[in-house]
A.B. asks: 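Here's a structure for you.
Below, chain A is the first sequence line, B the second, and so on; all start at residue 1.
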Number of protein chains: 2
Amino acid sequence: MTNKYLTIYNCIVEQIKSGEIPPQTLLPSENELKDQFDTSRETIRKALNLLSQNGYIQKVRGKGSIVIDISKFDFPVSGLVSFKELASKMGKKPRTIVNELSLLKPDGYIRQQLQLGSKDLVWKVVRTREMGGEKIILDKDFLSNKYVPSLTEEICADSIYQYLEHELDLTISFAKKEIIVAEPSPEDRSLLDLEGFHNVVVIKNYVYLDDATLFQYTESRHRPDKFRFVDFARRTH
Amino acid sequence: MTNKYLTIYNCIVEQIKSGEIPPQTLLPSENELKDQFDTSRETIRKALNLLSQNGYIQKVRGKGSIVIDISKFDFPVSGLVSFKELASKMGKKPRTIVNELSLLKPDGYIRQQLQLGSKDLVWKVVRTREMGGEKIILDKDFLSNKYVPSLTEEICADSIYQYLEHELDLTISFAKKEIIVAEPSPEDRSLLDLEGFHNVVVIKNYVYLDDATLFQYTESRHRPDKFRFVDFARRTH
DNA sequence: GAGTGGTCTAGACCACGCA
DNA sequence: GCGTGGTCTAGACCACTCG
């Protein structure tokens, strides 16, 4: 039932991860794979392109597909290391504190960021993320009321994201992130355990639905010592 | 001579950028475009997938391809804002100071990062980037001697990258970045104008050639107030 | 010249949205 | 039910690498 090219992709990913296909070696050629998986070459190529995009292989014209040494990378290849991952990696218990949950008239900045009309309301959610007893991350979310009619403290304490995707059936399709370093605001100082740190890392997140409408603006403010971002960039020529 | 799907891609990009196809509207359907450009549907789809990957459109099954409002984005959609860009944006004159240029035996850390043998030598280049009279960025490059036989101060003061691609014909194919925030090292303090800042943003860069060999490791250390990173992430489902 | 990946085609069927 | 995009096929030609 799943896609053919996705199953082929996953199959090869497993072989690479397990070391069955060692780094720096060539994958079987597209024509060989076509026969092995009993499919057409274009379908094989779709799977290989996925592998390439996700950093598993490097395709070279006239030669073949080289397996990249991923052992150096701790995945996910790209993206912010999420709060839960970070916590589980450090073997610490994560905890979320909901500091604020309200439906209000957005100020000018938020209204502009979310491209709202003058009468639209937004949910404002402020949460602190705690790990090993330390308040590490301050998340400020602004969600358009048009798409999210109701929101409770329970949902915010768990996962807003899950609620949106599974309960409300909203599909998040892409996001634009901006990362900068800033002075801690008074709010940061009061809600985070900043210890001696003089800066916070601010990740501004613009989240779009699958009909290309902007519906959420999120600011995630991290204590600098616990921040890490990984990016995998393929040259586009 | 150029690719068909690329010329179609560029054609549509132009139409979107010029506003000829306004944001939030639907592109003609794949079948219409197929006839317009007198080609096959798969070729149209290649062009549309490129548009989608680069943030110009959002494809929705059963509906069509929606043009995304890119006017909100200041391009490049993804990636580090480069030193020269940054400088030109602020209307300041950029300057590069070469602090060190040497061919040496790598220490354990660098040897491990570059996956070198015990007898391989590396170029070490340390440069300071100055803008508006302030030393903002400290770049430390380590290049494998195997691929870069010679290197001069002139090249380093200009652009190492250009030298590699145009003089040595090395093709950089992809890079993995890691971004963290760290305490300034003594070297940072001496070579950068850190003023009151207590942190530096460190971008570790692993650069690969098109045969998937790792050949350069770069550390770019930024004063936090001048750092900005933009990322455009499409959900991969 | 044999083999590789890159592009392109014409056609098929499916899953989804919308009226 | 019609039109949309998503998947898949079998085959063609090209550009490139390498012996």
Side-chain angles (χ1 to χ4, degrees), chain A residues 1-12 21 24-53 56-68 169-171 173-174 209-213 234-237, chain B residues 1-12 21 24-53 56-68 169-171 173-174 209-213 234-237:
Chain A
M1 202 71 283
T2 52
N3 293 340
K4 209 162 188 172
Y5 76 92
L6 267 181
T7 62
I8 296 171
Y9 165 79
N10 287 320
C11 175
I12 299 178
I21 311 177
Q24 299 296 328
T25 63
L26 287 174
L27 240 48
S29 78
E30 295 181 351
N31 278 309
E32 287 177 87
L33 288 171
K34 178 193 77 176
D35 296 338
Q36 275 183 35
F37 287 97
D38 189 34
T39 182
S40 71
R41 198 178 141 221
E42 284 290 350
T43 300
I44 291 293
R45 284 178 56 70
K46 249 187 191 168
L48 293 188
N49 282 333
L50 251 191
L51 286 164
S52 166
Q53 278 167 32
Y56 288 103
I57 64 170
Q58 173 73 8
K59 305 183 88 179
V60 183
R61 198 209 297 255
K63 283 178 77 174
S65 298
I66 304 168
V67 177
I68 293 174
D169 254 350
L170 295 173
T171 307
S173 70
F174 62 100
L209 296 178
D210 62 358
D211 62 350
T213 57
R234 190 160 292 280
R235 287 284 307 285
T236 45
H237 297 282
Chain B
M1 200 73 285
T2 53
N3 294 339
K4 207 162 190 172
Y5 76 92
L6 268 181
T7 60
I8 295 170
Y9 165 80
N10 286 321
C11 175
I12 299 179
I21 312 178
Q24 300 295 329
T25 62
L26 288 174
L27 241 48
S29 78
E30 295 181 351
N31 277 310
E32 287 177 87
L33 288 170
K34 178 193 78 177
D35 296 337
Q36 275 184 34
F37 286 98
D38 190 32
T39 181
S40 70
R41 195 176 144 223
E42 284 291 349
T43 300
I44 291 293
R45 284 178 56 69
K46 251 188 191 166
L48 293 188
N49 282 333
L50 251 191
L51 287 164
S52 166
Q53 279 165 31
Y56 288 103
I57 65 170
Q58 174 71 9
K59 307 183 85 178
V60 183
R61 196 211 297 257
K63 282 179 74 174
S65 298
I66 304 167
V67 177
I68 294 175
D169 253 349
L170 295 173
T171 308
S173 69
F174 62 99
L209 296 178
D210 61 358
D211 62 352
T213 57
R234 189 159 293 278
R235 286 285 306 284
T236 46
H237 299 282

A.B. asks: Quick one, Lys46(B) and Lys4(B) - any side-chain contact, counting heavy atoms below 4.5 Å?
C.D. replies: no
A.B. asks: Checking Leu48(B) against Lys59(B) for the side chain to side chain contact (heavy atoms under 4.5 Å, CB included) test, could you report, in this order, the C-alpha distance in whole Å, the side-chain angles of both residues, the deciding distance, and whether it holds?
C.D. replies: CA-CA 8 Å; Leu48(B) 293 188; Lys59(B) 307 183 85 178; 3.8 Å; yes
A.B. asks: Over how many whole Å does the gap from Leu26(B) atom CG to dG5(D) atom C1' extend?
C.D. replies: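 Taking CG of Leu26(B) and C1' of dG5(D), I get 12 Å after rounding.
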A.B. asks: Which value, rounded to the nearest 0.5 Å, describes the distance between Leu50(B) atom CG and Leu6(B) atom CG?
C.D. replies: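 CG of Leu6(B) is found 6.0 Å from CG of Leu50(B).
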A.B. asks: Quickly work out the Leu33(B) CG to dG6(D) P distance and round it to whole Å.
C.D. replies: 13 Å
A.B. asks: Rounded to whole angstrom units, what separation is found between the CG atom of Asn3(B) and the P atom of dT9(C)?
C.D. replies: 11 Å
A.B. asks: Note the angle between the end axes of the helix from dG1(C)-dC18(D) to dC18(C)-dG1(D), five pairs defining each, rounded to 10 degrees.
C.D. replies: 10°
A.B. asks: The criterion is side chain to side chain contact (heavy atoms under 4.5 Å, CB included); which residues satisfy it with Leu26(B), sequence neighbours excluded?
C.D. replies: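 Leu26(B) satisfies side chain to side chain contact (heavy atoms under 4.5 Å, CB included) with Ile66(B) once adjacent residues are dropped.
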A.B. asks: Within residues 38-49 of chain B, which residues have any heavy atom lying less than 4.0 Å from an atom of DNA chain D?
C.D. replies: Arg41(B), Glu42(B), Arg45(B)
A.B. asks: Whether Lys4(A) contacts dT9(D) is assessed here as follows: a side-chain N or O lying under 4.0 Å from the phosphate OP1 or OP2. Is that the case?
C.D. replies: yes
A.B. asks: From CG of Leu6(A) over to C1' of dG6(D), roughly how many Å is that when rounded to an integer?
C.D. replies: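 Whole-Å distance recorded here is 11 Å.
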A.B. asks: Please write out each protein N/O paired with an N/O of nucleotides 1-3 of chain D under 3.5 Å, distance rounded to 0.1 Å.
C.D. replies:
| residue | atom | partner | partner atom | Å |
| --- | --- | --- | --- | --- |
| dG3(D) | N2 | Gly62(B) | O | 3.2 |

A.B. asks: I need the CG-P distance between Leu51(A) and dG5(C), as an integer number of Å.
C.D. replies: 13 Å
A.B. asks: Would you say Thr39(B) and Leu33(B) make side-chain contact, with heavy atoms under 4.5 Å?
C.D. replies: no
A.B. asks: Taking side chain to side chain contact (heavy atoms under 4.5 Å, CB included) as the definition, give me every residue that meets it alongside Thr7(A), ordered by chain and number, with sequence neighbours left out.
C.D. replies: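 Expected list: Thr2(A).
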A.B. asks: Tell me, please, which residues at least two apart from Arg41(A) pass side chain to side chain contact (heavy atoms under 4.5 Å, CB included).
C.D. replies: Glu30(A), Asn31(A), Lys34(A), Arg45(A)
A.B. asks: What I'd like to find out is whether the side chain of Gln36(B) reaches to under 4.5 Å of the side chain of Pro28(B), using heavy atoms alone.
C.D. replies: yes
A.B. asks: Taking only residues two or more places apart in sequence or in another chain, which ones pass side chain to side chain donor-acceptor pair (under 3.5 Å) with Tyr9(B)?
C.D. replies: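 By the side chain to side chain donor-acceptor pair (under 3.5 Å) rule, Tyr9(B) matches Asn54(B).
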A.B. asks: Between dT4(C) and Lys59(A), is there an OP1 or OP2 to side-chain N/O distance shorter than 4.0 Å?
C.D. replies: no
A.B. asks: Please check the phosphate of dT7(D) (OP1 and OP2 only) for any side-chain N or O of Tyr5(A) closer than 4.0 Å.
C.D. replies: yes
A.B. asks: Any non-hydrogen side-chain atom of Ile57(B) less than 4.5 Å from a side-chain atom of Ile68(B)?
C.D. replies: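 Sidechains of Ile68(B) and Ile57(B): no contact.
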A.B. asks: Rounded to whole Å, how long is the line connecting atom NZ of Lys34(B) with atom P of dA12(C)?
C.D. replies: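 For the pair Lys34(B) NZ and dA12(C) P, the rounded distance is 11 Å.
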A.B. asks: Please give, in whole Å, the distance from dT9(C) C1' to Phe37(B) CZ?
C.D. replies: 17 Å
A.B. asks: Who are the side chain to side chain contact (heavy atoms under 4.5 Å, CB included) partners of Ser40(A), not counting sequence neighbours?
C.D. replies: Glu42(A), Thr43(A)
